[in-house]
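Notes to accompany the following structure.
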Amino acid sequence: MATLLHDAVMNPAEVVKQRLQMYDSPHRSALSCIRTVWGTEGLGAFYRSYTTQLTMNVPFQSIHFITYEFLQEQINPYRGYNPQSHIISGGLAGALAAAATTPLDVCKTLLNTQENMALNLANISGRLSGMANAFRTVYQLNGLPGYFKGVQARVIYQMPSTAISWSVYEFFKYFLTKHKLENRTPY
């Protein structure tokens, strides 16, 4: 449920961000981008990649959490507070999840940006919609390697992000649990 809600709110923001990042973007600010997209493509443009976003986030989070837990079992079997193990496990878990879900991210980006050069090269007129069409278009343009464009940048972004998140989470879990135990009254 959290992923459904999160993506419903964040998907429009992702559309705006990606359109602003495009080479030679016609948009000069987030507000002008929102107005233009809303006026020319309607509300649906902000959610064109929503199912792809969900399809990406569910496996990303699954791989991420399973890998983190597996690595914790290997390098921190007693599950004590160990910042180094949390950073290593978190970073590697994020890297693996990012790499594994890059094909979905590439397709989501194409759906969000409707990148004209890509659409022209694929002989697509109008708008690209749907995950299946995005997958076909990426393959048509770049073959299998096309699904992994930007994988290194995605991994480099996710590794510190997930390492920091896990280490902060584990710190507060340790701090709050320790505080709770210290304030317990003896029987």
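What's counted below: heavy atoms across the whole structure, side chains too, no hydrogens, waters or symmetry copies.
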- request: Can you establish whether the number of heavy atoms outside Gln74 located under 6.0 Å from its atom CD is more than 12?
  value: yes

Gap separating the CD atom of Glu41 from the CZ atom of Phe46, nearest 0.5 angstrom: 8.0 Å

query: Hey, does Leu110 have a side-chain heavy atom less than 4.5 Å from the side chain of Leu128?
result: yes

- prompt: Taking only residues two or more places apart in sequence or in another chain, which ones pass side-chain hydrogen bond (donor to acceptor under 3.5 Å, both in side chains) with Gln158?
  reply: none

task: Describe, in one word, how the ring planes of Tyr139 and Tyr147 are oriented to each other, choosing from parallel (under 30°), tilted (30 to 60°) and perpendicular (over 60°).
output: parallel

- prompt: Shortest non-hydrogen contact from Asn11 to Tyr47?
  reply: ND2-CA, 3.8 Å

- prompt: Any chain of hydrophobic side-chain contacts (each under 4.5 Å) joining Leu104 to Leu144?
  reply: yes

message: Could you see if Met159 belongs to whatever hydrophobic cluster contains Val151? Use Ile, Leu, Val, Met, Phe, Trp, Tyr and a side-chain cutoff under 4.5 Å.
response: yes

If you look only at distance, which donor and acceptor atoms sit under 3.5 Å apart when one is on a side chain in residues 88-98 and the other is two or more places apart or in another chain?
| unit_1 | atom_1 | unit_2 | atom_2 | d |
| --- | --- | --- | --- | --- |
| Ser89 | OG | Gln72 | NE2 | 2.8 |
| Ser89 | OG | Ser85 | O | 2.9 |

query: Just by distance, with hydrogens left out, do Arg19 and Thr36 show a side-chain donor and acceptor under 3.5 Å apart?
result: no

field: Side-chain ion pair, Arg79 and Glu170, N-O less than 4.0 Å
entry: no

- request: Return the orientation label for the Phe171 and Phe175 ring planes: parallel under 30°, perpendicular over 60°, tilted otherwise.
  value: parallel

- prompt: Near Tyr81 OH, under 6.0 Å, is it more than 12 heavy atoms from other residues, nucleotides or ligands?
  reply: yes

task: Compute whether any side-chain donor of one residue and acceptor of the other, for Tyr68 and His86, lie under 3.5 angstrom apart.
output: yes

message: Applying a strict under-4.5 Å side-chain criterion to I, L, V, M, F, W and Y, I'd like to know whether Ile164 and Trp166 cluster together.
response: no

